[in-house]
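Provided herewith is a single structure, encoded as structure tokens, for subsequent inquiry.
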Amino acid sequence: QVQVEESGGGSVQSGESLTLSCVISKKIFTIVHMGWYRQPPGGQREMVVGRTMGERQTSYARSVKGRFTMSRDNAKNTLYLQMNNLKPDVTAIYYCIHRDTEKDYWGQGTQGTVTT
């Protein structure tokens with residue numbers, strides 16, 4: 001069974017950075033989509049960044065473009081989200097997703113909090 005675990009969240013001040021990690025327990029050979037989503041307090045889960053296999057570019061939410069970067073280490077089965085110049089409006093629980101041809105694999109999330 002595939003397990004997904006996010007880490008790296010925490011509390012930082014405005015302008016600082018966080019790097020989130022997402023480890024998946026085993027390689028998914030039929031992956032079709034991967035990315036990061038977030039759910040702010042009282043809000044809906046929304047996509048922050050996503051990559052669909054077969055598409056040329058990674059898609060970023062407009063509000064994070066230029067400040068957030070998703071990367072992947074295939075050898076470690078790990079997905080990263082580098083978040084720079086953070087603002088309080090990005091406070092949320094961050095989840096990573098791996099989607100194969102049959103289902104979505106989500107982790108439990110990691111909390112990222114930005115204070116002024």
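As the structure is a computational prediction, the values presented were derived from the model and not from experiment.
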For the residue pair Met70 and Leu79, establish whether any side-chain heavy-atom pair is separated by less than 4.5 Å.
-> yes

Is a donor on one side and an acceptor on the other found under 3.5 Å between the side chain of Glu16 and the backbone of Asn85?
->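 Here the side-chain-to-backbone pair does not exist.
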
At their closest point, which heavy atom of Ile93 faces which heavy atom of Gly109, and how far apart are they?
-> CG2-CA, 3.8 Å

Min side-chain heavy-atom separation Met47-Trp36 under 4.5 Å =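 No, side chains not in contact.
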
Partners passing side-chain hydrogen bond (donor to acceptor under 3.5 Å, both in side chains) against Asp73 (at least two apart in sequence or in another chain) |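 Asp73 satisfies side-chain hydrogen bond (donor to acceptor under 3.5 Å, both in side chains) with no residue once adjacent residues are dropped.
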
Kindly compute the distance separating SG (Cys96) from CG (Leu81), expressed to the nearest 0.5 Å.
-> 10.0 Å

Residues that Thr113 engages under side-chain hydrogen bond (donor to acceptor under 3.5 Å, both in side chains), provided they are two or more places apart |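 Partners of Thr113 by the side-chain hydrogen bond (donor to acceptor under 3.5 Å, both in side chains) criterion, ordered by chain and then number, come out as Gln111.
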
Set of ring-ring contact (aromatic ring centres under 6.0 Å, His included) partners for Tyr37, sequence neighbours left out | Trp106

Residue pairs, two or more places apart or on separate chains, that pass side chain to side chain donor-acceptor pair (under 3.5 Å) and touch residues 52-62 |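 Checked against side chain to side chain donor-acceptor pair (under 3.5 Å) - neighbours excluded - the pairs reaching residues 52-62 are His33-Thr52.
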
Non-hydrogen side-chain atoms of Thr69 and Tyr80 separated by less than 4.5 Å |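 A side-chain contact is absent here, since even the closest heavy-atom pair is not under 4.5 Å.
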
Which pairs pass ring pair (Phe, Tyr, Trp, His ring centres under 6.0 Å) with one or both residues in residues 84-104, sequence neighbours excluded?
-> none

Got Arg72 and Met34 here, is their nearest side-chain heavy-atom distance under 4.5 Å?
-> yes

Check whether the side chains of Thr19 and Gln82 place a donor and an acceptor atom closer than 3.5 Å, and report yes or no.
->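 There is such a pair (donor and acceptor under 3.5 Å, judged by atom type) between the side chains of Thr19 and Gln82.
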
Restricting to pairs with a member in residues 35-46, which pass salt bridge (Lys or Arg N to Asp or Glu O under 4.0 Å), not counting sequence neighbours?
->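 Only Arg38-Glu46 qualify under salt bridge (Lys or Arg N to Asp or Glu O under 4.0 Å).
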
Counting heavy atoms not belonging to Lys26, are there more than 12 under 6.0 Å from its NZ?
-> no

Side-chain touch Arg99/Ile28, heavy atoms, less than 4.5 angstrom =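 Not touching, per the 4.5 Å side-chain cut-off.
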
Of the non-hydrogen atoms in Leu18 and Gly112, which two are nearest, and what is the gap between them?
-> CD1-CA, 4.3 Å

Main-chain N/O of Ala61 paired to Ser63 side chain as donor or acceptor, under 3.5 Å =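 Side chain of Ser63 to backbone of Ala61: no pair is present.
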
